[in-house]
Amino acid sequence: MFVLYLTPMSEVKRTILTEVKKNSDGSRVGILHTRQGNVNTPTFMPDGTRGVVKSLLPEQVAATGVQIVLANTYHLHLQPGEDVIKSLGDVHGFGKWKGPILTDSGGFQVFSLSKLRKITEEGVTFKHPVTGEMRLITPETSIQIQLALGADMIVAFDHLTGLDDESRKDTLEAFERTHRWLERCIAEFKRLTDNLEPSRRPILFGVVQGGLDLELRRKSLEIVQNSEVGGIAIGGLSVGESKEEMYKILEFLAPLYDNSARPRFLLGVGDPPDIRFAIEHGIDMLDCVLPTRNARHATIWIEGDKKVHLTNAKFVNDPLPIMEGCDCYSCHSGYSRGFLRHQFKVGEPLAGSLASIHNLRYLSRICESYRPSVE
RNA sequence: GCAGAGUUAGUGAAGCGGUCAAACACAAGAGACUGUAAAUCUCUCGGCAUUCGCCUUCGAAGGUUCGAAUCCUUCACUCUGCA
């Protein structure tokens, strides 16, 4: 068969995700096998860009139900550098996170640092936002860095563009380049990991692009699925488009995943309704800065996915916890909204930490609601 | 007592004849944030109308001027020197 001829490789045959159950709402329950242990899916993964989930101890992160944490290739490469991290016990020993760690490739910075970067076919040259230093990241170096960091799951270096009106014209270029770069990522990955036992290899995710164009999305998914990658990442969403547009793509892709043993990772989505929608359309893993960033900005979720600003004046004397009935540490310990409002107003970092714990628990609980039998 | 300096919206602080309802910072109020240049950013912040606009303000009271937060006089208070 043509597809098999293209993909006779070990990564495709390897069972990276064991599908435990299909739910009637379209979601699926699974066990993700990484070299750093198994993880229950669907799962939400907070971003610890610089090697830690901001303002939280690993124990506090784990206590929210989170099982995987992200780190970022671009940030850790620039500072302190993968050599330093390697010498300090790779990303696990560095940040003391015992579970699996996934690194993002730096592809997001192609988008978020668009004013500070230049794209060529070779790769992307970034100007350091602070020092002005120029640094080239290529598909090959991204893979090298991620492996040196010691991540258990890594992402192919892709070309991400925004989906605001201005940037949509770049979709085709980004789509094509992403696939050319994927081949180079895979080649480099194989070169550096072929000598490892398959069970000791990190999992490489290829990234699906294509903007809002359904045909491009179909083609991109096909290309990624026919590549020697261990996981499928859906990229290029939640970057300026409407929710309806994002949902349309997720809905379109849902029936097209061809291999239940490969995890599907939706990059960068973390608004509770979006998480639910994604999970109910076959997504197993999601990461996002939203729960922790919002928390540091005093915004938390309560029942019904409602956003609440804890700095609001109405909370001055409020003795209630962030969310009644919540089983997170912050709510369970009884910290009042009045206390949190005050600590936010005076700039006390503990307030952001307590709110982060709550928001992470809120998202973990959403994921757990799809996998009751596994708990 | 004498000589200087000062008193500006919640606070600090610019302004020194028209372009001043009055810079800026903080405080206050509201909001944004989706693979983290983000413990950040945006808006509002005398009163009313909330579109045009109108009204009351720059220690107090008088005065000069077409026009004063800005110049003059007196008073009140604050600070710094000398007694």
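Throughout, a chain's letter reflects where its sequence line sits, starting with A, and its residues are numbered from 1.
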Novice: What's the closest nucleotide to the A:P349 side chain, out of B:U34, B:G35, B:A39?
Specialist: B:A39
Novice: Would a distance-only check, ignoring hydrogens and angles, find a side-chain to backbone donor-acceptor pair under 3.5 Å from A:R371 to A:V20?
Specialist: no
Novice: Measuring only the P atom in each nucleotide, how far is B:G18 from B:C82? A whole number of Å is fine.
Specialist: 39 Å
Novice: Would you tell me if any nitrogen or oxygen in the side chain of A:S238 comes within less than 4.0 Å of OP1 or OP2 on B:U34?
Specialist: no
Novice: Heavy atoms under 4.0 Å is the rule here; annotate nucleotides 26-33 of chain B 5' to 3' with B where the base is hit, S where only the sugar-phosphate is, and - elsewhere.
Specialist: --SSSSBB
Novice: Set out, line by line, the N/O atom pairs under 3.5 Å between protein and nucleotides 9-11 of chain B.
Specialist:
none

Novice: Return the minimal non-hydrogen interatomic distance between A:C331 and A:H358, and the atom names on each side.
Specialist: SG-ND1, 3.4 Å
Novice: Is atom NE2 of A:H332 surrounded by more than 12 heavy atoms (other residues, nucleotides or ligands) closer than 6.0 Å?
Specialist: no
Novice: Is A:N195 atom CG crowded by more than 12 heavy atoms from other residues, nucleotides or ligands, each under 6.0 Å away?
Specialist: yes
Novice: Answer yes or no: are there more than 12 heavy-atom neighbours, outside A:E183 itself, under 6.0 Å from its atom CD?
Specialist: no
Novice: Reckon A:H128 touches a base, only the sugar-phosphate, or nothing at all at heavy-atom distances under 4.0 Å?
Specialist: nothing
Novice: Does A:L267 or A:R296 map to a spot on RNA chain B nearer the 5' end, using the closest nucleotide for each?
Specialist: A:L267
Novice: Expressed as a whole number of Å, how far does the P atom of B:U51 sit from that of B:A14?
Specialist: 35 Å
Novice: Please give the nucleotide sitting opposite B:G81 as a Watson-Crick or G-U wobble pair, both distances under 3.5 Å, or none.
Specialist: B:C2
Novice: Applying a 4.0 Å non-hydrogen cut-off, can you work out what A:V155 is touching in the nucleic acid: base, sugar-phosphate, or nothing?
Specialist: base
Novice: Got more than 12 heavy atoms from elsewhere within 6.0 Å of CD, A:E59?
Specialist: yes
Novice: Do the side-chain N or O atoms of A:Q109 get closer than 4.0 angstrom to the phosphate oxygens (OP1, OP2) of B:G35?
Specialist: no
Novice: Is there a donor-acceptor pair closer than 3.5 Å between any side-chain N or O of A:T34 and the backbone N or O of A:Q36?
Specialist: yes
Novice: Answer yes or no: is there an ion pair linking A:K219 with A:E222, defined by an N-O contact shorter than 4.0 Å?
Specialist: no
Novice: Whole-Å distance between B:G35 P and A:Y74 OH?
Specialist: 16 Å
Novice: So, under a plain 3.5 Å distance rule, would you say the side chain of A:D274 forms a donor-acceptor pair with the base of B:U34?
Specialist: yes
Novice: Could you list the protein-to-nucleotides 43-46 of chain B atom pairs, N/O on both sides, closer than 3.5 Å?
Specialist:
none

Novice: Is it the case that the side chain of A:Q67 and the backbone of A:N40 share a donor-acceptor pair, with hydrogens and angles ignored and the cut-off at 3.5 Å?
Specialist: yes
Novice: Considering only B:U36, B:A39, B:U34, which nucleotide approaches the side chain of A:V269 most closely?
Specialist: B:U34
Novice: Determine the interatomic distance between C1' on B:G15 and the same-named atom on B:A25; round to the nearest Å.
Specialist: 16 Å
Novice: Describe the nucleic acid contact of A:L266 in one word from base, sugar-phosphate, nothing, applying a heavy-atom distance below 4.0 Å.
Specialist: nothing
Novice: Could you give the distance separating B:U8 and B:A22 at their C1' atoms, to the nearest angstrom?
Specialist: 8 Å
Novice: Would you call A:R276 and A:D25 a salt bridge, taking side-chain N to carboxylate O under 4.0 Å as the test?
Specialist: no
Novice: What nucleic acid atoms does A:D158 come within less than 4.0 Å of, heavy atoms only: base, sugar-phosphate, or nothing?
Specialist: base
Novice: Going by the side chain to side chain donor-acceptor pair (under 3.5 Å) test, name the single residue among A:D170, A:T171, A:D164, A:D165 that passes it with A:S167.
Specialist: A:D164
Novice: Under 4.0 angstrom, heavy atoms only, what part of the nucleic acid is A:E245 near: base, sugar-phosphate, or nothing?
Specialist: nothing
Novice: Counting only N and O atoms by type, is there a donor-acceptor contact under 3.5 Å from the side chain of A:S333 to the main-chain atoms of A:Y329?
Specialist: yes
